[in-house]
Amino acid sequence: METAIFWGLSFCAVAAALAVVFLRQAVNGVMSLLALMLVMAGLYLLLGAQLVALFQLIVYAGAVLVLFVLVVMLLNLERKPARPLLYPGKPAVASLLALCGAGFAAILRWAPPPGGGPMGGAVKPAPPIEQLAIDLFTERLLIFELTSVLLLAAAVGAIVMSRKAGDLS
Amino acid sequence: MNPDCLWLLLAPPALGFLVNGLMGRRLPASITAAVALAAVGLPLAVALGFLLEMTAAPPEARVVATSLYTWLSDGDFQVRVGLLLDPLAMVMSLVVLGIGFLIHIYSVGYMEGDVGYRRFFAYMNLFVFFMLLLVLADNLVLTFCGWEGVGLCSYLLIGFWHERKSACDAGRKAFIVNRVGDFGFILGILLTITAFQTVDYGELAEIAATAPGDASPIIALMVLLIFMGAMGKSAQFPLHVWLPDAMEGPTPVSALIHGATMVNAGVYLMCRLSPLLNRCPEVLLVIAVLGLVTALYAALAALGQRDLKRILAYSTISQIGFMFVAVGSGMYALGIFHLVTHGIFKGLLFLAAGAVIHTLGGEQDLGRMGGLFREIPAVAVAFLAGLLALAGVFPLAGFFSKDAILWGGFQRFGASFWIVSLSGALLTALYCGKLFGVFFGPRRDEGPPHRPGALLIWPPAVLALGALIAGVLGLPMFAQDTLLSRFLGFASPAVASGQGHELEVIMTVFQGMVIPAFLAASAYLFVRRRRRMEELERAFPRAAAFLADGFGLDKLNALLLATPLRGAARFSARIIDNRIIDGAVNGVGWAAMRAGRLLALLQTGELRHYALSILAGAVALLGAALYAAGIF
Amino acid sequence: MAPIFQDVNLYCLLPELVLLTGAVVLLFVRGAGRGSAALPVAATTVIVALAAVPLLWGERAVGFGGMIVKDNGALLAQALLLITALVSFAAAADALPERKNNGEYYSLLLFSLVGMGIMTAAGDLLVIFLGMEILALSLYVLVGFLKVVRAGMEGAVKYFLLGSVASAVFLLGLALTYGATGSTQLVAFTAPATMPALLPAAAVLLVVGLGFKIAAPPFHMWAPDVYEGAPISVATYISVAPKIAAFVVLLRLAGESAGPGREALTGAFVFMSVAGMAVGNLAALRQTSLVRMLAYSGIAQAAYILIGLPALSAGGAAAVSFYLLVYMFMNLGAFASLAHLSRRRTGTLRIDDLAGLASRAPGHAFALAVFMIALTGIPPTGGFFAKFYVFKAGIQAGYLGVVLVAVVATVVSCFYYLRVVMVMYGEEGGAGLRGLPAGVTMLGAAIGVMVVMTILTGILPERFLQAASAAFPLLAAGM
Amino acid sequence: MTLYHFLGLGLLLFAIGAAGFVIRNNAVVLLLCIEIMLNAVNLILASFARYLYGAEGQIFIFIIMTVAAAEAAVGLGIVIALHRGHGTLAMNRIKDLKG
């Protein structure tokens, strides 16, 4: 059953990612990305990471993508005639890169596990959410604080950038 | 001798540069000149003081060394900023400062009224500073420091008159060709450090004396690489191409940098490394052969020139070739001897040539010069003295040094070597004779001459005096240790000498007669039969018609002698220089520019291409890493 | 349960805290132009942060369970970064328009300094990543700060998009490191790994992210465009600061790696180095714009520095940090001179515009000439010893081929560096560049200091070198 | 399924995002492609956490999500300013700087 869900979700994820890349209209791309986010949330659940799945929905799907939609609407990108966004010859490059990814994955899959590494199956128990919180605020306190600095800098940057050119603040 | 005073040699030129370079615009020209002169005169006085003490001291105690501070250290490896004034450095400093001082005086007159007056003296002082640094350094790295510095000054001074495109090109060419040599020099230094963990001359000499036999190949490679640097700086075949073009610079520059001092730095460096050289006879042979090839080749090329200064430039190349012959024969003192005498008479020739050019209002073409003796007798006498010295006529300076070099080459490498070097000397006499045409015969220029002022006459006159008497340093003749070589005290590789004094005396007398004869013949041809010689030159393709025309004996002589030589000269000057070597230099530059353009084409401005570069680079590195780790 | 605030030790982040405070204060500074308090506040903040550096020197303050290690290397780098910031402030005072509110500009610059301070002191890849992101996000905005300038926006968007890709690649490397070793700490590279096969891949991907920051080919293509598009004060900053920070990270990464990861790193370094020397020098040859020439020159310089990384055992760490020090002085000086000459100009400054500068502004010309000579690597400037040391380390570690390429590349570089000198000292009355500022300006003073330091590092390199080798003693000893 | 299934999926998604970055032209879509890459990294981290090491990996994911959000905010700001200045988001038309 799990295997079937995995393959189903994988198929959806790849399809959604390809849709982002190949759909002409930006808004369709954003919607496909939304689909990808949802599928990812499913995958996280499959991996026993419920909290991550939750955040994926709230932060990504809820906040980030809404921002994208907003910008796409704001800039009225839809009204532009749909110019060919795909360059002839470039699919070759794309497939090459995709092949690299697939090849790399294949290597990981079939390469002899050095020193008898884990081949899967031996799943670590999903940690309690409480443990995550403790980790985050003890061992990983610094990165938590740093993300707040990052967000502050990003906020300042975003404000500077989106203000009209001649504006004084 | 107080080692703490050594810095007094270096500080004044540096100060002179700073004063003239940074504040010069606010100073009147006279102060600029005074500062520049003092910046060279003071250290000259100091150096003379050291010389007095040094000659009085016993030979073991003739080294003044001081270490200002440790420049950098890394474990056992140290580079100090240390100055070393031994007899070799003493002689070299005196050449630099003595000739330099005279040339500075000359420049005060020569550059008068030039827009770049202040700039000129600032550069000249800077040059003297770097040259002294090169000479006084007690290790390879510090020498390299001065080496690059003089290169930079040379580059700036060749291109001094930037309005002329040719001057800029010449400056660039000089720099590029020198870089090729420096490439070897740097590698040599790095190799020295890796192999011996030191760059100090004293320590290197010890290593040369004590290192086991299997170190010899490394030492040979090291010296060869450094010799590459010397070839560039001293304009040896095939890295000589920059020097004739360097004549685009003002004449005092040609005299100081491209005649008397900087171009000799390679010879000096090789003498510095003589303890190492003594260990590798193969390298000595290479140096000697290359020097000989250069000497012969450049003398031929000089014969084919029409430009006064270019003749002198080729002649410089040729004479430095002779110095390398001496070095390659293991006769380092001889090399230095020739360096000194050549410095004097070549400085003289350039200065006098400058006065001639000044008289003719900037004309440098030999074809428009003639009969100037009556106009500028003082200059002419000085010039002629320089020519006689250059050709090697007894008893002028060049005679002693060249004679000794020819004998040294004979002793070391045998008769065939001697014959080739003798022909080089004879060719020298020939092109010297050609220059007689400048002063004798009918006037060929138009317009009134601009008579040179006293400042343009006295420095060459003093140098002419030097050219007359500098041969004293090579006395007594036919002895192993002359005045100079005793002072210098080099250890030379042992030479199995079977020949006695008699042969040496015979050869000297022979040379002493045949060289003036050639000079006289050539002078005769180029003064009396000058028009014929020129016709000959023009009609060279139709040499048969010439024969049919029926000249007298002198004409036949001219034909037999001059035509093949002229052909060869033209060939070496025009074909080898312009096509092959210039072609190589330009070709590399062209290829680099093409590659640059190609790369700039890749820089399309399009984001996708940039992103592709990043991602493809990542994939390539990833593939290589996985492959190397044995995962593929 | 573990105590909540375990082993925090904020002391080790003292300079960053100062900078952060300044950055926040600056957000509230109003007013524009010369009268604005923004510049004094920002400069004071940086100077206070700089004062904190000697306070921490030699203490090796460790905080947050080893995630931050303020050792001497981090402090040396931090000092360089803060000095860079000060010089770029001096340039900004001239370059930014009068009307604009500059508080945010300086605030973002301080944020980027915080990011780099974190990067250089971090012992954990995730912390490094966060530092890089703080740095990067601030810089993207700074590049496009003058939004009215088309080129500025183009530079910003290119920098942003490419930078994001590079950090995504870096993140992939981070993820693989985690997969291989179960940790993201730098020391994990030497620990036994669960999946050692992943380590080489992880190392290479991390290098891609950092290679982007130092503009090493093939990850360099953003650099010329961004430098040209950005305000000159920002270009000055970008050409030096992120490189220093990224090189410190690379030093630590190289110092901590072992086994196959180390081999992969070495290969990547050698590749980027050779490519950088080729691309940087050849492309610089035919540039007419001074800033683009300097951009390519920076690519070449980074490539020379890269030689020291695989040669850590042979004193490479000291060589690299010494080179960084000298690079800061000479490159900063060159860019500051450029800023000084091109202020209030529209369009980029071409090399030919410098014609005859020597006669009109001898001081400026002399300064620029010193920087060019130093960048070429001609003694007696610091540039010579920087190269000398790196080359020496390279040869001793057995990278003779790379050093050979580097020496050839140095020869080639003479063409374009000395061309600038030739042009300046060339025609007595060139046409361009009228109306240079007279008198002593802040930027002029900064340039003067850079000149003195560039020469001083060549005349008295010993002291600086000692500081540099004291900065990374563990690396030198451990390899 | 095993760890390798998830790794393979993650790497494939990363490659698709990278490929999209190379072939697409619209600045907003390029941002979307970057988001795909970041999500792929997250998936890889989650699978390592699940199969090998436990909780830590999840914390990394939170951090990366935050970073992605910050990047998106700044990126969209830049895109808006770009659209104002250049009137287009087609990156192949924004190439004044080159050479």
Side-chain angles (χ1 to χ4, degrees), chain A residues 3 6 10 13-14 17-18 20-21 26 29-30 33 36 40 43-44 47-49 51-52 55 59-60 63-64 67 71-72 75 77 85-87 90-91 93-94 97-98 100-102 104-105 108-109 118-121 123-124 127 131-132 135-136 140 143 147 150-151 154 157-158 161-162 165, chain D residues 1-9 11-20 22-26 28-29 31-33 35-36 39 42-43 46-47 49-56 58-59 61-63 65-74 76-81 83-85 89-90:
Chain A
T3 314
F6 171 78
S10 300
V14 172
L18 287 175
V20 176
V21 172
V30 177
L33 188 64
L36 178 61
M40 293 291 291
L43 284 166
Y44 289 139
L47 283 168
L51 194 64
V52 176
F55 276 27
V59 177
Y60 251 129
V64 177
L67 200 60
V71 170
V72 170
L75 300 183
L77 292 179
L85 293 175
L86 206 59
Y87 298 92
K90 290 301 180 288
V93 175
L97 277 173
C100 285
F104 192 33
L108 284 173
R109 176 66 185 86
M119 288 296 293
V123 178
K124 295 272 164 174
Q131 185 58 43
L132 279 183
D135 267 10
L136 189 58
R140 306 275 161 184
I143 54 175
T147 44
L150 176 71
L151 284 174
M161 271 292 125
S162 44
Chain D
M1 61 270 160
T2 66
L3 168 62
Y4 294 111
H5 287 90
F6 283 98
L7 283 187
L9 177 60
L11 290 168
L12 189 59
L13 287 177
F14 193 92
I16 292 175
V22 176
I23 62 172
R24 288 305 295 268
N25 197 20
N26 182 312
V28 172
V29 178
L31 279 175
L32 297 179
C33 290
E35 296 296 336
I36 295 179
N39 269 284
N42 278 349
L43 183 63
S47 46
R50 174 65 167 169
Y51 283 93
L52 295 177
Y53 305 111
E56 264 184 333
Q58 297 192 17
I59 295 179
I61 300 177
F62 299 146
I63 303 296
M65 278 183 187
T66 320
V67 171
E71 253 183 25
V74 172
L76 289 171
I78 291 179
V79 162
I80 290 173
H83 191 264
R84 263 193 211 131
L89 291 181

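All heavy atoms count here, side chains included; hydrogens, waters and symmetry mates do not. Chain letters run A, B, ... following the sequence lines, proteins first, then strands; residues in each count from 1.
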How close do [X] and [Y] get, counting heavy atoms only, and between which atoms?
X	Y	value
A:Ala154	D:Val74	O-CG2, 3.6 Å
A:Ala17	D:Ile36	O-CD1, 3.9 Å
D:Asn39	A:Met40	O-CE, 3.1 Å
A:Ser10	D:Leu9	OG-CD2, 3.5 Å
A:Leu151	D:Ala70	CD2-CB, 4.0 Å
D:Ala73	A:Leu67	CA-CD2, 4.0 Å

Region of D:Leu32 in contact with chain A, defined by heavy-atom distances below 4.5 Å: both
Chain A contact via D:Leu13 - side chain, backbone, both or neither, heavy atoms under 4.5 Å: side chain
Between [X] and chain D, which part of the residue has a heavy atom less than 4.5 Å away: side chain, backbone, both or neither?
X	answer
A:Ala63	neither
A:Leu36	side chain
A:Phe55	both
A:Val64	side chain
A:Leu33	side chain

Derivation and outcome, side chain to side chain donor-acceptor pair (under 3.5 Å), residues A:Tyr44 and D:Gln58: CA-CA 10 Å; A:Tyr44 289 139; D:Gln58 297 192 17; over 6 Å; no
Residue among A:Ile143, A:Leu43, A:Thr3, A:Val52 with most heavy-atom pairs under 4.5 Å to chain D: A:Val52
Any donor-acceptor pair under 3.5 Å from D:Arg84 side chain to A:Ser162 backbone: yes
D:Arg24 (side chain) donor-acceptor with A:Val21 (main chain) under 3.5 angstrom: yes
Residue among D:Leu76, D:Thr66, D:Val67 with most heavy-atom pairs under 4.5 Å to chain A: D:Leu76
Value rounded to 0.5 Å, distance of CZ in D:Phe62 from OG1 in A:Thr147: 12.0 Å
Pairwise distance CD(D:Glu71) to CG(A:Leu150) - rounded to 0.5 angstrom: 8.5 Å
Side-chain heavy-atom pair A:Val30, D:Val29 within 4.5 angstrom cut-off: no
